[in-house]
Amino acid sequence: MANVNSDTKITVVSGTALPLRGNDIDTDRIIPARYLKEITFARMGEYPFFDERFDADGKPRPHLFNDPKHKGAAILLVNKNFGCGSSREHAPQALLRFGIRAIVGESFAAIFAGNCLMLGVPTVTVPASEIDKLMQMVEHDPQINFTLDLQAKRLFSGGEVAVAFDVPESARKALMEGYWDSTAVLRANLDKVKSVAASLPYMAGFKP
Amino acid sequence: MSKPSGRTLYDKIWQSHTVDILPTGQTQLFIGLHLIHEITTAPAFDMLREKALQVAFPERTFATVDHVVPTDIRTRPFLDEQAEELTQALEKNVRQFDIEFFGLGSDRQGIVHVIGPQLGLTQPGMTLACGDSHTSTHGAFGTLAFGIGTSQVRDVLATQTLAMDKLKVRRISVNGKLSAGVYAKDVILTIIRRLGVGGGKGYAYEYGGAVVDRMNMEERMTVCNMSIEGGALAGYVNPDTTTFEYLQGRRFVPKGADFDRAVAYWKSIASDADARYDDVADIDGPQIEPTVTWGINPGQAVGISEKLPRPEELPDPEGAKRAYEHMGWQPGAPILGTPIDVAFIGSCTNSRLSDLRAAAKIARGRKVDPKVRALVVPGSTEVKALAEREGLNQIFTDAGFEWRSAGCSMCLGMNPDKLKGREICASSSNRNFIGRQGSPGGRTILMSPAMVAAAALNGKIVDVREYA
């Protein structure tokens, strides 16, 4: 099997939270397209929700991501279908580089969740009523420290269970065992890849 | 009645492309065709260089430029330094890694989801990935096609595989017949409105029924293109005679006896008559009207004769309120007669020859309202040439539309074609998200190309059926 670096194993994410309300928040909102013209992801951490956080003159507007009360938050709380739309990995890159290490929500768009996994960012789901409770808790006290535990499939606060969450078993394993950094795992199978390729008639142009 | 036990096209392609089950329980899936463009790939190639990896199957990746390229003045270097830098990076990467490239100046350049089918690269029974969510377009051919992020582009380059979880399949039958003036775009907007922008989560959509069976390939591409707007990672139509006739003779399609063998294979991968589906949905074709969006996601749509809905009638009242806030409209008002500032015909959803023909039929002999900025952007350099051969460019320019060169253009705010301020755009593209067309305050109304043309002539949203 592939070499898996032990520090790529992610079981626990701890920190304060950012409660971002709203369904169907798309990746164009998370990161406006013009920033995709940068040739690397290096500066993406400056841009999440840029057009909502800053006016046309670059002056900050009231926004959760500008709020000093939530500075340093590691866990993002969201509602339904978060990250829908464009497949841009720049969206999770922007959130990760801003400091977000895990996202708890009602549901996630497929490509966005896949991109998060590729970066080692867990996206876990809880029922609507639970996410609302969590958001209210954090709105009331932004300093609450949470621990998201993939082993226990629970989000703890102050040593107590705040909520149990769901996470696809494959994603949970990938994160906990370090397989989310997938290239090496996939490359270890290159011989099998070649034999599957050889079995597909289109690979040889349907020549007999 | 016995329980259905047959397999879907999705099941068959999944099985034939499975390399292994990974320790996580995910499937390692072989990717038959990989398409790349300038936006989402530069860091992927950097990752390869960092890890000193080669491209595993360079002959299975094809590249073009579409997202950042200007559609008017295309001399190099581009005025936009970032666009130039990205384009140069792609040009360098395809050279270094030996990847076939349809660059600017090539008569094969164009929007990646227009050129793949046009060249016959996209074929039934394949898996196809591209760093763009509208890769679902290629499902029109009975291809399992989906969008991926940059780290996944790296994996495809390095291994020609991806780690994936299997989806469920929802069969969507569009029954009966469409009325005149109703197009594929109206069908998919109706489907998304009915099933929701997140309704396809966890599913691949299989489209069928009499309406889809009768559609040509370009119409099927329009439907499959917006699968992702319904939350479905992939959408497909089973291949049939329409598919095979479209493919025959195209550059990358086998010829002669090889073509016959290909057709036999393509027929074999279609869903079985007794295929088992995880879910089904039925849409009544004759009920579909010309459909337009009124809000900030593609599910917020109405038939042209309807009034704008009240938030409390909708599944997500808070989302609707936010949409009204951005659009500046009132519930209960008609969408008909809404003034527009810009008309955009183009994008990977609706920029193919039949789209341009439908729009030209409306525009012929008429004039764009003088206060409207109207542009037509063919999806590929080849579509442009074919349209010019039949004089469509003349019809458009006589009417007052600008006739541009191929690219993503005003769909996405990554090139010089953008909305300004609070402009309202009648658009044949796929997303009405806030800021999508390049202005944070801009407003997008999605509709068919014929509807965009009619709106351009009138300076407001009209019912294209008046032109029938």
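Just the heavy atoms: all of them, side chains too, but no hydrogens, waters or symmetry mates, feed the values below. Just so it is clear: chains get the letters A, B, ... in the order the sequence lines come, proteins before strands, and each one is counted from 1.
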Could you have a look at Asp24(A), Leu119(A), Thr40(A), Leu190(A) and say which one has the most heavy-atom pairs with chain B under 4.5 angstrom?
->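 The option with the most such pairs is Asp24(A).
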
Among Cys84(A), Ser86(A), Pro168(A), single out the residue with the greatest number of heavy-atom pairs under 4.5 Å to chain B.
->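 It is Ser86(A).
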
Toward chain A, the part of [X] with a non-hydrogen atom under 4.5 Å:
X: Phe252(B); answer: neither
X: Phe433(B); answer: both
X: Met164(B); answer: neither
X: Val68(B); answer: side chain
X: Gln123(B); answer: side chain
X: Asp80(B); answer: side chain
X: Arg261(B); answer: both
X: Ile148(B); answer: backbone
X: Thr127(B); answer: both
X: Leu86(B); answer: both
X: Lys255(B); answer: neither
X: Thr135(B); answer: neither

Centre of Phe165(A)'s six-membered ring, under 6.0 Å away, within 45 degrees of the axis: is that where NZ or CZ of Lys153(A) sits?
->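 The answer is no; the distance or angle limit is not met.
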
Go through [options] and name the one with the most non-hydrogen pairs under 4.5 angstrom from chain A.
options: Thr40(B), Asn297(B), Asp20(B); answer: Asp20(B)
options: Arg322(B), Lys418(B), Gln26(B); answer: Arg322(B)
options: Gly32(B), Gly25(B), Gly435(B), Ala42(B); answer: Gly32(B)
options: Glu229(B), Glu85(B), Glu318(B); answer: Glu85(B)

Does Phe41(A) have any ring pair (Phe, Tyr, Trp, His ring centres under 6.0 Å) partners at least two apart in sequence or in another chain, and if so, which?
-> His90(A)

Run the numbers on Phe65(A) and Phe50(A) for ring pair (Phe, Tyr, Trp, His ring centres under 6.0 Å), then give the verdict.
-> CA-CA 9 Å; Phe65(A) 276 66; Phe50(A) 196 89; over 10 Å; no

Go through the steps to decide whether Ser409(B) and Asp417(B) satisfy the test side chain to side chain donor-acceptor pair (under 3.5 Å), and finish with yes or no.
-> CA-CA 5 Å; Ser409(B) 183; Asp417(B) 303 337; 2.7 Å; yes

Working for salt bridge (charged side-chain N to carboxylate O under 4.0 Å, His left out), residues Asp316(B) and Lys80(A) | CA-CA 10 Å; Asp316(B) 180 15; Lys80(A) 232 184 268 177; over 6 Å; no

For Trp180(A) and Leu117(A) the tightest heavy-atom approach is CB-O, 3.3 Å

Quiz: residues 201-208 of chain A side-chain donor-acceptor pairs under 3.5 angstrom, not counting sequence neighbours:
residue   : atom : partner   : partner atom : Å
Tyr202(A) : OH   : His17(B)  : NE2          : 2.7
Lys207(A) : NZ   : Asp258(B) : OD2          : 2.6

Going through the distances and angles, do Gln28(B) and Asn189(A) end up as a side chain to side chain donor-acceptor pair (under 3.5 Å)?
-> CA-CA 9 Å; Gln28(B) 182 173 5; Asn189(A) 269 339; 2.7 Å; yes

